[in-house]
Every structure is written in C-alpha cells, then in structure tokens.
Amino acid sequence: MFSIKDKVSTEERYILENVAAAAADMHVPAFAIGGYVRDLLLGRPCKDIDIVCEGSGIELAKKTAGLLSANIHVSYFKNFGTAMFHYNGIDVEFVGARKESYRRESRKPIVEDGTIEDDQNRRDFTINALAIALSGEDFGNIVDPFNGLADLENGIIRTPLTPTETFDDDPLRMMRAIRFATQLNFKIEHTTYKAIEPLKERIKIVSQERIIDEINKIVMTEKPSLGFKHLFNTGLLQVIFPEMARLQGVAQVENYGHKDNFYHTLKVLDNVVDRGGDLWLRWAAILHDIAKPNTQRFEEGHGWTFHGHDAVGARMVPKIFTALKLPLNEKMKFVQKLVALHLRPISLTKENITDSAIRRLIVEADEDLEALLLLCEADITSKNPEKVRKYTKNLQLVKQKIEEVEERDRLRNWQPPISGELIMQTFGLTPCKEVGIIKNFIREGILDGDIRNEYHEAYEFMIQKGLEIGLTVVPQNA
Ligand code: CTP
C-alpha cells in the first residue's frame, strides 16, 4: 500500500496525527483529501489541509484543536457543516462526508451525509479525489478508488463519474479541467475533453467572480497560451470572453493575408511571462491587439491595415474589465495605458527619432515605461529572423535614446517647473483658462526642446507667452 508518511513535513504530520487521535476518540473514519493530497504527491507547496470525516466535521475540528493547543480559535458554519482553524501558518478545514456535489465555494447547505466513497464520487477530477486515511492501522495509506495515482503519474485530468455528470454538477469544472491541465502541464483525457464543447453554454450559470478567478489562474501559469488554446478549442472562450475569441482567423483578399491575431496574442503573452511580467502586464499582452478585428481594413495594393487599433483598444479596456469583473482601479488604468502606447516605441523608429518624440514618450508612459518596453519586446513575434533582427535593433535604439534623453532632461515623474499658483500670482489672475494655456505652453516648450526642464528658463518663457496672449505682469510685493 502506498503511504505518504515520508512526504509530509513534521508540522503537517503533527496536525494529521492529532486529527487521527480525535477521530479515533469519536469512532469516526477521517481522511485528508483533495488538493492537499494532490499537491503533496506532486511535491507542490500547499498551505491548506482539507479533512473529511464520516461524522460531524465541526465536532472533529473542535476536538482536534483541543488536542493541538488550548487557544486555537475554531470558526464553523453550522448550516454547511464546515469548520476551520489556523495552526502554525496552516489552514485546516473540516467537513462531514457528503452525498451531493462537493465544492468549497458552494453556498448550498449540506443535503445528506455520506461515506468517504460518496464524497470522492462527487469531486471534480480523479487527481483531486485522492484521500489519505487517518485512522489506526491505515494511517497514511492512500484511498484511491478512481486510479487517481496513475492519472497523477501519467499527467491526466479525468472526471471520476462521467464527465457530463461531473460538469453538470458544477459547470466551472470545465474551466478547472483546463486550468489544472495548464498549471500542471497535464493532458485532459479524451472523453472528458469532448464533453466540454456540448456543455459550454452551461458556464453561463456560474458567477463571473468564479470565472475570472479561473481565468486569472490560467493567466498566472508558466505557459498561459496552452490554457487559452483549450478554452478556444472547446468553445468556452467564445462564451466567456468573446472579444478575445474574435482575434482568431486570417482574412484573405487576393494574395494578401495577415497574421492570426489570436495566436500572435498568445505568443506575446507567453513572451511576457518568460520576461517575468506580473498579472497586469500579462493582461496588457492579452489586450494589446484586442481592437484589431474592429479596425481591420483592406487597402488596395497595400494589404491589411489596423489603423487606430491602439486607441480603439484602449477605449475597450474599461468595458472588458467591467464585463470580466476585473478591478476598475489603477491596474485597469495601467493596462489601458499600455494598450494605448504599445505601438509608440517601434513606430518612433520609422522616422528619425527626435528628442521631442522621446520626451513625449517618457512623460506619457512615466513610471510604466519599463513595462511598456517589455511589452514591445514581447510583441516581436515574426517567424522571419531578418525582421526580428531589425525590430529588435530598432527597439534597442529607442531604449538607448530614452536613456540619453532621460539623463539629460530628468523627465521621469515629471512635474512642471512652474506651478499654476505662480502663473496666477505673476499675471494677477484668479483660476481661469489662461492659466491652463500658459501651463500647456511651458509643457510643450519643454517637450519640444525649446526650453530646458528647469525653473529659470521656464519662468522667462512664461512671461514671454503671457505677454503674447495679452496678459500683463503685475508688480510683485517684495
Ligand atoms: N472541488 C470540486 N469541484 C469544484 C471545486 C473543488 O470537486 N468545483 C473539490 C476538489 O476535490 C478539490 C477540493 O474540492 O481538490 C478543494 O477545492 P479548491 O480549494 O477550490 O481547489 P484545489 O484542488 O485545492 O486547488 P487550488 O487551490 O489550486 O484551486
């Protein structure tokens, strides 16, 4: 019999032994189960232990806590028959075995008590239905009615019951199958995979909070493209995120095609991941070309163009964030800014790179300049090595120029050297549009390189521009 005794840490073993002692006291069989067992066997870190017993989970939790230490606080929900406590940084959750579908997030009260087999039956995948016995002689033995161990070893995601039954219990499991396959680099077993397409519309009954949670877990994997390809091929993406699914496909007129924007986007996303991009930079990659289908035109003798897809895409970002229930805060603003600016660095190299264009880029991208440059680098996905070489060299040139201009002009976190207060004081104004006009003259003057980014030159310039628009300098009291 396979045993996990040598796999658990001393801390975890101490907890499990105390659960076993409490269960023995109550004469109920108890098991560690689910993600904890899976991750333990895979050698992945896991900070939660789920315990199932054939009896009262709440009572077992209280008894175990009592054995571990006098001052553990046990929280419990009578209606759901669940209880939990923290012990030395580990969350331990308890529940009585159930006959109906098991979901941690379920808001439904327990319907009927069951045995460990009933409980395992109603879980999502064979690899998540593995249990560790915590009673007497059996302590540490794996309880594996569905060959979950073999699936774990062979890297297979498979439902314990028929996939239709398991997915029908909770349609989010279709996305969980894809998420686990992507996270663990596992294959989804054929019939399990085939069952998703016909059930895809059922995902609509699942709350958007749970859906975005799974999407983000896919986005945070090492190779998110795998997950998005599965989502697309099963038809789920078309239901949960149609704007992204619309990127797929190549229009053909005469001999002109263009690259498939879906697969290009996925490559950019993987590239961003390889370069250490966080969740929001990954979202910027996902959305950088999102408006290409809306802006696609065929120009005779020239080919396909996507004019304005940067600006149109940036305008789509808040709508997409709202629909997906992503946060509408500074993270959204960051993604929007990157979508708006993603063409800028490369397009600069098409003309002579002027200092003024570089200054504008630095001021607009501001603290997100590095992230933008990383996205631009990730956006170079051509299969033609000659093109890759050329674009990479151009981007390098832009980076070098940015460094030169930055060093000279200190534009990062730019604050105008002349305040609105000073403008009002100098010309004896109260707040009015002329103050904004002068401010803008100064900003443009600095960005165009007519004056340097410093107080004295900006002050002289303010006086000059003020007089030009008919203002008068009022004598200042010493
Ligand atoms: N489970 C399920 N169906 C769901 C969600 C969860 O059957 N829709 C079961 C699985 O046995 C799963 C366990 O509940 O292993 C715990 O769920 P959860 O904490 O959501 O997932 P984990 O498997 O622990 O994985 P992760 O923490 O990565 O989400």
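On a predicted model such as this, the values are computed, not experimentally measured, just so you know. Order of listing sets the numbers, starting from 1, for every ligand and every atom in it.
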Original post:
Which is it for Asp124 and ligand 1 at heavy atoms under 4.0 Å: side chain, backbone, both or neither?
Top reply: both
**OP:** Please identify which atoms of ligand 1 are closer than 4.0 Å to at least one heavy atom of Arg173.
**Re:** 2 (C), 3 (N), 4 (C), 7 (O), 8 (N)
Original post:
Under 4.0 Å from any heavy atom of Lys217, which atoms of ligand 1 are there?
Top reply: 29 (O)
Original post:
By number and element, which atoms of ligand 1 are closer than 4.0 Å to a non-hydrogen atom of Arg123?
Top reply: 7 (O), 9 (C), 10 (C), 11 (O), 13 (C), 14 (O)
Original post:
Does ligand 1 have any atom that is closer than 4.0 Å to a heavy atom of Leu172?
Top reply: no
Subject >> Electrostatic pair Arg98:Asp113 at N-O distance under 4.0 angstrom >> reply: no
Subject >> His230 and Tyr193 aromatic ring geometry - parallel, tilted or perpendicular at 30°/60° bounds >> reply: perpendicular
Subject >> salt_bridge(Glu214, Arg173) N-O dist < 4.0 Å >> reply: no
Original post:
Which option out of Arg176, Gln183, Arg179 puts a heavy atom nearest to atom 26 (P) of ligand 1?
Top reply: Arg179
Subject >> Ligand-residue contact atoms, ligand 1 with Gly34, heavy atoms, under 4.0 Å >> reply: 15 (O)
Original post:
Does Asp50, backbone or side chain, put an N or O under 3.5 Å from an N or O of ligand 1?
Top reply: no
Subject >> Contacting atoms of ligand 1, where contact means under 4.0 angstrom from a heavy atom of Asp170 >> reply: 4 (C), 8 (N)
Original post:
Among side-chain atoms of Asp270 and Ser225, is any donor-acceptor pair under 3.5 angstrom?
Top reply: yes
Original post:
Has ligand 1 got any nitrogen or oxygen that is less than 3.5 angstrom from a nitrogen or oxygen of Arg38?
Top reply: yes
Original post:
Any ion pair linking Asp168 and Arg202 (charged N to carboxylate O, less than 4.0 Å)?
Top reply: yes
**OP:** Please indicate whether any nitrogen or oxygen in Phe180 is less than 3.5 Å from any nitrogen or oxygen in ligand 1.
**Re:** no
Original post:
Is a salt bridge present between Asp289 and Lys292, judged by a nitrogen-to-oxygen distance below 4.0 Å?
Top reply: yes
**OP:** Give me the ring orientation class for Phe232 and Tyr263: parallel if the planes are under 30° apart, tilted from 30 to 60°, perpendicular past 60°.
**Re:** perpendicular
Original post:
Going by an N to O cut-off under 4.0 Å, is there a salt bridge joining Arg282 and Asp278?
Top reply: no
